[in-house]
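Data block below; observations after.
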Amino acid sequence: MEENKEIFTADNEAEAAAEAEAAVETAVETETDTPELPTEKEAEDDTVTEEPAPKKSRKVQTTIIISAIIVLLVLVGAVAIRLFATQGVVDTGIFGNKKTTVWHFKPDVSQAEATVDEALVPDYYFIFEPDNTLKVEMGSFEYKGSYAIQNMEESDLLGVSNENAKVGTQMLTIENTSLLDGKFLFERTGNAFTENKLNLTGLSTQEMKLELDAKAYTPVSIERKGEFTKDDALVGNWVYKNENGSQTFSFKDDGTYAIITKANGGYQSQSGIYNCKDGTVTINFKAPSDQEANIKYTIKDKTLSLSIVADVMGQQVEQPIGDFTKEA
C-alpha cells in the first residue's frame, strides 16, 4: 500500500506539473491573441464628432454677408454721387460709362423780334452719343458730326483773350455738324433733383454764348392730308456721286422719303412724306414749321433727273438738282 501510494503520488506530481506548464502556455497564448488597446491619439480620433464643419460653414456665411454689405455700401455711395453731383457735357452711369445725353436749345427772340411767329423759331436738339457721335435734330433735318472733350493745350490758346481759358482746362470740340462747329468752354449746373443747364462759350469768339437745357427729344411727325399716290418707277434709292461726296434720294413704298447728303466729312438728312402726280413729286417736311416743295422728275434708262420748282416773283422757275442713278 505504501509503495502504491508513493507511485501514485509521484505520478500525480508529474501530471500536476505537466498540467501547470500547459496552463502557463495557454495563458501566454491567450495574452498574445488579445486585441491591442487603442492608443491615446486613436481614442481621441474615435471620439471626434462632426461639429467643426458647421463652424467652418458659419465663417464662410459671415464672410459672404460682410462682402455683400461692402458692395451694397459702394453702390449706395455711387448712386448718391450720381444723384447729387454735377456732371459734365455727357451723362455717365454709376460706374462712369457714357450715356446718350440730349441737350435742347431754342434761340431767344429779343424784344425787337417779339412779333416773330413762335412756330418759326426752331428747336435744336443736340444728342451726344457714347461713341463720340453728335447728332443735331431740327424739325425734319438731322446733322451728324463728332465731339470730343479734351484738356486745353497751349496751341488752343493762340489768339484767345478769354481769361477762363487756361492750359489744362477742359473744352468741348464739335466738328462736321455744319451748324455748331468749333471749340467751347462749358459749364454745367444742376443735378438729379434740380434743373440742368449747359452753358457754352466760344473759345475764340466770346460773344458766342448758348444756354442749353435738358429736354427729351421726340422725332417730328407729319400728318398726311388726302390719299397717298405713288409712282412705282420712282420707288427706290437714287444716288449722285462726285469727288466731294454723295447725295441720295430715297422714296419708299409707304409714302416716306429721305434725302441724305454726305460731303467733306459731314452728314445731313431730310425726311418727310411725299406724293406723286403728273411727273411731279411733292414733299412735305418741317423746317421748323410745315413746309412743302414740288420737284419735277423724269426717269430714262435708270436715270432720275430732278428739278426743284420755285416761285420767283410770282413765276414758277425750275432749278435743276441733278441726275441720279438707281441703286441695284
Side-chain angles (χ1 to χ4, degrees), residues 79-94 96-150 152 162 164-165 169-222 267-271 285-290:
V79 171
I81 292 174
R82 171 71 178 83
L83 293 176
F84 291 98
T86 299
Q87 300 201 51
V89 174
V90 181
D91 291 338
T92 56
I94 293 177
N97 52 307
K98 290 182 179 179
K99 299 169 60 178
T100 298
T101 307
V102 181
W103 291 102
H104 165 257
F105 172 72
K106 188 164 188 171
D108 183 25
V109 180
S110 65
Q111 286 297 117
E113 301 171 323
T115 57
V116 174
D117 189 345
E118 181 72 13
L120 299 179
V121 181
D123 287 275
Y124 295 92
Y125 292 87
F126 296 85
I127 304 176
F128 292 82
E129 299 288 1
D131 63 354
N132 289 91
T133 297
L134 173 61
K135 295 186 293 185
V136 185
E137 307 284 349
M138 191 280 291
S140 295
F141 293 83
E142 177 181 276
Y143 305 84
K144 189 181 296 183
S146 62
Y147 75 92
I149 298 174
Q150 304 163 313
M152 288 186 196
N162 192 321
N164 294 318
T169 302
Q170 283 196 326
M171 67 177 180
L172 170 65
T173 302
I174 297 176
E175 297 178 326
N176 298 323
T177 64
S178 301
L179 289 177
L180 189 68
D181 295 344
K183 298 178 179 180
F184 302 87
L185 293 172
F186 64 87
E187 179 184 13
R188 177 170 176 168
T189 59
N191 54 45
F193 301 103
T194 60
E195 184 178 10
N196 282 257
K197 290 187 178 297
L198 179 67
N199 296 301
L200 301 180
T201 303
L203 187 59
S204 58
T205 307
Q206 298 184 42
E207 290 75 18
M208 184 177 183
K209 294 185 178 182
L210 301 176
E211 183 182 78
L212 292 74
D213 56 64
K215 184 178 180 181
Y217 169 67
T218 302
V220 299
S221 61
I222 302 172
Y267 173 100
Q268 174 187 332
S269 70
Q270 173 190 337
S271 59
F285 56 96
K286 288 183 180 290
S289 58
D290 292 337

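Put simply, the side chain of Phe126 reaches to within 4.5 Å of the side chain of Leu180, judged on heavy atoms. Within the 4.5 Å cutoff, the side chain of Thr100 has heavy atoms near those of the Pro130 side chain. Side-chain contact between Asn132 and Lys98 is present, with at least one heavy-atom pair separated by less than 4.5 Å. Side-chain atoms of Pro107 and Val121, non-hydrogen and from C-beta on, do get closer than 4.5 Å to each other. Contact annotation: the side chain of Leu185 approaches that of Met152 to within less than 4.5 Å [non-hydrogen atoms, C-beta and beyond]. The shortest distance between side-chain heavy atoms of Leu212 and Leu200 falls below 4.5 Å. Here the side chains of Leu172 and Phe128 are in contact, with some heavy-atom distance below 4.5 Å. Taking the side chain as every heavy atom from C-beta outward, Val136 and Met138 never approach each other to under 4.5 Å.
To the nearest 0.5 Å, the span separating CD on Glu211 from NZ on Lys106 amounts to 15.0 Å. One finds the OH atom of Tyr143 at 5.0 Å from the CG atom of Leu179 (value rounded to the nearest 0.5 Å). The line from CG of Asp213 to CG of Asn196 is 10.0 Å long, rounded to the nearest 0.5 Å. The distance from atom CG of Asp290 to atom CZ of Phe285, rounded to the nearest 0.5 Å, is 10.0 Å. The structure places CZ of Phe186 at 10.0 Å from CE of Met171, a figure rounded to the nearest 0.5 Å. Between Phe184 atom CZ and Leu203 atom CG the span is 9.5 Å, to the nearest 0.5 Å.
Among residues two or more places apart in sequence or in another chain, the ring pair (Phe, Tyr, Trp, His ring centres under 6.0 Å) test is passed with Tyr125 by His104, Tyr217.
Across all non-hydrogen atoms, the minimal contact from Ser140 to Ile222 is OG-CD1, 3.9 Å. In terms of heavy-atom proximity, Gln150 sits nearest to Thr173 at OE1-OG1, 3.4 Å. Annotation for Phe141 and Gln268: closest pair CD2-NE2, 3.9 Å, computed over non-hydrogen atoms. Contact record, Asn164 with Thr169: O-OG1, 4.0 Å, taken as the closest heavy-atom pair. Contact detail for Gly88 and Trp103: the closest heavy-atom pair is O-CZ2, 4.4 Å.
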Does Val89 form a side chain to side chain contact (heavy atoms under 4.5 Å, CB included) with Thr101? I'd like the steps, not just the answer. CA-CA 8 Å; Val89 174; Thr101 307; over 6 Å; no
Determine, step by step, whether Lys144 and Thr133 satisfy the side chain to side chain contact (heavy atoms under 4.5 Å, CB included) criterion, reporting the C-alpha distance in whole Å, the side-chain angles of both residues, the deciding distance to 0.1 Å, and the verdict. CA-CA 7 Å; Lys144 189 181 296 183; Thr133 297; 3.8 Å; yes
Worked verdict on Arg188 versus Asp91 for salt bridge (charged side-chain N to carboxylate O under 4.0 Å, His left out): CA-CA 11 Å; Arg188 177 170 176 168; Asp91 291 338; 2.6 Å; yes
